[in-house]
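First up is the structure itself, then whatever we jot down about it.
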Amino acid sequence: DIDPRADAYVDITEKLPFDDCSINAIFCEEAIEHVDLKCGLQLLRECYRILKPGGVIRLTTPDLNYFASKISESVAACSEINEVFYSHGHRYLYTREALRFYCQEVGFTNFKMSFYQDSESKLGYLDSHANRFNHIPEITQYLEAQKPN
């Protein structure tokens, strides 16, 4: 997403144009699903590289667990899942377990599953996708992690 509150706009398929250990926090809202898994892993490695020790990342992305739980409920659920996959340019959707696994694989720790505009989160106040795109927040997963000190 392009949000006017962003400090920087970058191409997430390329090396991020920031020095190692130079960023305090990263807010990545509804972006990682727009690239394939290989690029998503590269993005996570880049985020890890540029974060300062102790820095936090907040990732939001469609929650494949949510959609999978709805799959047998109705014909409408089938349409909803296909809409999420194909109508928004998504390339790879993550289960909660997979997103955490890949974050852990690149070195992140201190995981916290969060929720939309979580007041306990340092970055939750930035969440805006559900409001901007008029959808329920529950279709999104909110994961926070930290680069170890």
Side-chain angles (χ1 to χ4, degrees), residues 1-70 80-149:
D1 284 336
I2 302 298
D3 188 311
R5 299 173 296 167
D7 294 326
Y9 299 98
V10 298
D11 182 345
I12 64 172
T13 65
E14 301 290 331
K15 181 178 179 183
L16 298 178
F18 305 103
D19 293 334
D20 294 1
C21 302
S22 63
I23 303 293
N24 292 315
I26 296 171
F27 178 68
C28 187
E29 182 177 38
E30 305 289 332
I32 195 169
E33 70 275 7
H34 290 276
V35 296
D36 64 24
L37 179 58
K38 182 179 176 183
C39 279
L41 293 173
Q42 179 59 34
L43 173 61
L44 292 174
R45 284 191 286 276
E46 280 295 292
C47 289
Y48 187 86
R49 177 187 67 78
I50 67 174
L51 270 175
K52 293 179 180 178
V56 175
I57 185 169
R58 182 174 177 89
L59 294 160
T60 77
T61 186
D63 185 354
L64 189 53
N65 295 77
Y66 172 87
F67 291 102
S69 74
K70 304 292 183 192
E80 183 180 20
I81 291 166
N82 277 285
E83 171 78 13
V84 168
F85 269 103
Y86 299 110
S87 295
H88 299 283
H90 294 161
R91 299 289 313 278
Y92 194 89
L93 297 182
Y94 297 83
T95 62
R96 292 176 214 138
E97 297 78 11
L99 187 61
R100 181 182 172 132
F101 172 83
Y102 292 125
C103 286
Q104 187 170 10
E105 200 165 76
V106 302
F108 287 108
T109 60
N110 297 333
F111 298 99
K112 178 186 175 208
M113 287 305 293
S114 187
F115 55 88
Y116 192 67
Q117 298 182 341
D118 182 354
S119 63
E120 299 292 315
S121 164
K122 293 178 183 177
L123 301 173
Y125 72 96
L126 293 169
D127 294 339
S128 66
H129 195 271
N131 289 342
R132 288 185 294 126
F133 291 91
N134 196 29
H135 67 74
I136 60 169
E138 292 78 14
I139 69 171
T140 298
Q141 60 177 305
Y142 306 85
L143 179 67
E144 293 189 1
Q146 186 175 29
K147 182 174 180 176
N149 286 319

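Values below: all heavy atoms of this structure, side chains included; hydrogens, waters and symmetry mates excluded.
- The minimum heavy-atom distance linking Y142 with F115 is given by the pair CD1-CA, 3.7 Å.
- A heavy-atom distance below 4.5 Å is not found between the side chains of L143 and R96.
- With rounding to the nearest 0.5 angstrom, the CG atom of L43 is 10.0 Å from the CG atom of D11.
- Contacts classified as side-chain hydrogen bond (donor to acceptor under 3.5 Å, both in side chains) and involving residues 16-27 (residues at least two apart or in different chains) are given here: D20-R49, N24-K52.
- The side-chain heavy atoms of P148 and Y48, taken from C-beta on, include a pair separated by under 4.5 Å.
- The distance from atom CZ of F108 to atom SG of C47, rounded to the nearest 0.5 Å, is 6.0 Å.
- In summary, E30 and R132 do not engage in a salt bridge, as defined by a charged side-chain N under 4.0 Å from a carboxylate O.
- Within a 6.0 Å radius of CD in E120, other residues, nucleotides and ligands contribute 12 heavy atoms or fewer.
- Here the closest non-hydrogen pair linking A31 and I12 is O-CD1, 3.8 Å.
- Ring centroids of H129 and H135 are separated by less than 6.0 Å, placing the two rings close together.
- Here the OG1 atom belonging to T13 is positioned 13.5 Å from the NE2 atom belonging to H34, to the nearest 0.5 angstrom.
- Between T95 and F101 the shortest side-chain heavy-atom distance does not fall below 4.5 Å.
- Under the 4.5 Å side-chain criterion, counting only non-hydrogen atoms from C-beta, I32 is not in contact with Y92.
- Shown here for G40 and V35, the closest heavy-atom pair between the two residues is N-CG2, 3.6 Å.
- Between the side chain of Q141 and the backbone N or O of N65 there is no donor-acceptor pair closer than 3.5 Å.
- In this structure, the salt bridge (charged side-chain N to carboxylate O under 4.0 Å, His left out) partners of K112, at least two apart in sequence or on a different chain, are D118.
- In terms of heavy atoms, L51 sits closest to I26 at CG-CD1, 3.8 Å.
- Although no hydrogens or angles enter the test, the distance criterion places no donor-acceptor pair under 3.5 Å between the side chain of E144 and the main chain of V56.
- Note: I50 CD1 to K147 NZ = 9.0 Å, rounded to the nearest 0.5 Å.
- Smallest separation of non-hydrogen atoms from Y116 and P137: CB-CB, 3.4 Å.
- Under a 3.5 Å cut-off, the side chain of D127 and the backbone N or O of Q117 do form a donor-acceptor pair.
- Across T140 and T60, no two heavy atoms sit closer than the pair CG2-CB, 3.8 Å.
- Between the CG atom of L44 and the OH atom of Y102 there is a distance of 10.5 Å, given to the nearest 0.5 Å.
- Side-chain atoms of N110 do not come within 3.5 Å of backbone N or O of Q146 as any donor-acceptor pair.
- Judged purely by atom type and a 3.5 angstrom limit, D36 has no side-chain atom pairing as donor or acceptor with the backbone of R91.
- A distance of 10.5 Å separates CG in L93 from NE2 in H88, rounded to the nearest 0.5 Å.
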